[in-house]
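The structure presented is a predicted model; accordingly, all values stated were derived computationally and were not measured. In what follows, every heavy atom counts, from backbone to side chain, and hydrogens, waters and symmetry copies are set aside.
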Amino acid sequence: SKMQSLLLFCLIAFVCCEAVRIPLVAKPTKSLTKISHVVKRASVGSHTIPLKGNLTYWGEYHAQLGIGTPPQVVYLQLDSGSSDLVVYATDCAACNGASAYDIKKSETAHVVPCTSTSFSCITSWDNLTCADIGACVWEDQYGDGSIIDGVVIQDKVTIGGLSTKSLASIGAIEAVNTDHFERYGVDGIWGISYRALSGWRGLPTMDVFIQDYNLYDSFSMCLGNHNKQNGVLTIGEDYSKKTQFQWTPIQKYKDTNINAYYTVYMTNMFIGNNSLGVAPAELNKGGVIVDSGTTLLIVPEAIMDVIQGIFLNMCSTVHVPGICGVQTGKSMFDGNCYKLSPSHFSLYPKLVFTFQGAGPFVLSPYDYLWEGAGVAGYYCLGVASIGGDEFILGDIFMQKFHVVFDRAAGQIGFGSLDTCPTA
């Protein structure tokens, strides 16, 4: 229960200077693919936090945090493709009863005024002026069509038993435009990307926590996979000298000198032993983003056509279920799922990726075929295209590796799952 979780927070808060481990409860979601592109309008040891969830039935990975004083327990999707911490507020009028954070119950909560110069607030809203609005209003838009808005609150955030010393900026959700936003099973989103993506230009909670405790500016994620359902988030551990990892530089956002998404440079992709034959400039046209807030492997439409063509060419020598000999519109590439036995998986090719200075990284059919229909034994293709130029390495890819976001050194590392700490 939330009361038990709160008591656990209090007990753990006395632990210092070592990694902190807390239990989590998994919750299901119906929002299986959220492309987390936020569109802007207007000294302790490493910190270890468990994650729960897997692609078989959950479709997202979330962490347990506390907001306010005393901490109000919330469950937030961990999203490396956005940077704001947003949570349902108790006065959300259009959230169908979803609520998690009661500002009035926190001794340390502070409503940011509309006139604040520290944040980028919306100063006019439905013919209302800043004086009429009073509070700092923000709006975030996500790539799945979700639009959320609310007010900016400053409050303490408790991560694994340690509360921020400074007040972090939080988006208290007061309205949503769709049922697709994270309403099922979690209380909001914890964005852990760079500040440039913030809807109100606030310093991300991850940054506040790292700075408050003078931690090494890095975090790592082990999402778990089919055999290991629980995952772990580690904050402040320096893996840069670990030889078990392969490293690739974090790219600036498109043609700017700004860090926004966790973008890498892909040099090639293979279906089995067949290269896509696509130039790196085309592969990286919209950026190759490592995004835990997206369930699937998302590719541009032109590249999806190449991938499908290679699969279809295989049909002359091997019958790939759901791909070969199916009616138009009934293929896995059309979003259909098929009942597969263990012997079928050997008929599918591996997917192989190489990045600048790193690779190859291999996904087996067991990695990219997933039970997305929620019915045991029925598998869907974990690769999709929904328009746009971005190439997104979502949970389908990330679950295979221990992924380190080493912001201090400007690099992302990929290690095997046996390098993951326990939580």
Side-chain angles (χ1 to χ4, degrees), residues 32-33 54-56 223 225-227 246 248 264-280 282-284 288-291 294-356 358-373 377-386 390-401 403 414 416-417:
L32 294 179
T33 301
N54 63 69
L55 291 180
T56 304
L223 298 186
N225 60 12
H226 302 293
N227 299 315
Q246 295 191 60
T248 188
V264 298
Y265 189 83
M266 182 181 294
T267 54
N268 208 344
M269 178 180 172
F270 298 81
I271 309 298
N273 296 321
N274 299 300
S275 168
L276 294 188
V278 177
E282 188 66 21
L283 289 173
N284 296 275
V288 179
I289 302 167
V290 184
D291 181 10
T294 295
T295 305
L296 305 181
L297 185 71
I298 304 296
V299 303
E301 289 183 4
I303 293 176
M304 190 65 164
D305 290 341
V306 175
I307 294 173
Q308 184 174 6
I310 294 176
F311 268 85
L312 290 174
N313 286 340
M314 295 175 56
C315 295
S316 61
T317 57
V318 61
H319 181 79
V320 183
I323 306 292
C324 303
V326 298
Q327 297 178 1
T328 302
K330 299 295 184 180
S331 168
M332 279 189 171
F333 282 95
D334 300 307
N336 295 288
C337 306
Y338 282 79
K339 185 173 180 61
L340 301 178
S341 66
S343 62
H344 287 144
F345 284 83
S346 63
L347 302 174
Y348 292 83
K350 61 187 177 181
L351 305 183
V352 184
F353 306 82
T354 59
F355 308 130
Q356 180 182 342
F361 300 106
V362 180
L363 297 186
S364 74
Y366 286 97
D367 299 318
Y368 69 82
L369 296 173
W370 68 303
E371 292 178 306
Y378 281 81
Y379 291 84
C380 318
L381 186 65
V383 185
S385 177
I386 58 173
E390 292 85 3
F391 198 125
I392 303 177
L393 304 173
D395 297 340
I396 285 285
F397 179 86
M398 291 182 65
Q399 66 167 350
K400 184 68 180 292
F401 308 102
V403 184
F414 299 94
S416 63
L417 293 177

>> Any heavy-atom pair between the side chains of Leu393 and Ile289 that's under 4.5 Å?
In response: no
> Heavy-atom distance under 4.5 Å between the side chains of Tyr378 and Glu371, does that happen here?
Replying inline: no
> Looking at side-chain heavy atoms only, is the closest gap between Ser385 and Phe333 below 4.5 Å?
Replying inline: no
> Can you tell if the side chain of Val290 reaches within under 4.5 Å of the side chain of Val264, non-hydrogen atoms only?
Replying inline: yes
Hey, can you pull the donor-acceptor pairs under 3.5 Å for the side chains in residues 304-321, sequence neighbours left out?
unit_1, atom_1, unit_2, atom_2, d
Asn313, ND2, Gly309, O, 3.3
Ser316, OG, Asn313, O, 3.1
Thr317, OG1, Met314, O, 3.1

> Ignoring hydrogens and geometry, is there a side-chain-to-backbone donor-acceptor pair from Thr294 to Leu296 under 3.5 Å?
Replying inline: no
>> Could you measure the distance from the CZ atom of Phe353 to the OG1 atom of Thr267? Nearest 0.5 Å is fine.
In response: 11.5 Å
>> Has Lys400 got a side-chain atom pairing as donor or acceptor with Val362's backbone, closer than 3.5 angstrom?
In response: yes
> What is the ring orientation for Phe414 with Phe361, classed by angle as parallel under 30°, tilted 30 to 60°, or perpendicular over 60°?
Replying inline: tilted
>> Using a 3.5 Å distance criterion without hydrogens, assess whether the side chain of Asn336 forms a donor-acceptor pair with backbone atoms of Ser331.
In response: yes
> Is the backbone N or O of Asp367 less than 3.5 Å from a side-chain atom of Gln399, with the two atoms forming a donor-acceptor pair by type?
Replying inline: yes
> Between CZ of Phe391 and CD1 of Ile303, what distance do you get to the nearest 0.5 Å?
Replying inline: 5.5 Å
>> Is it the case that the side chain of Asn268 and the backbone of Thr354 share a donor-acceptor pair, with hydrogens and angles ignored and the cut-off at 3.5 Å?
In response: no
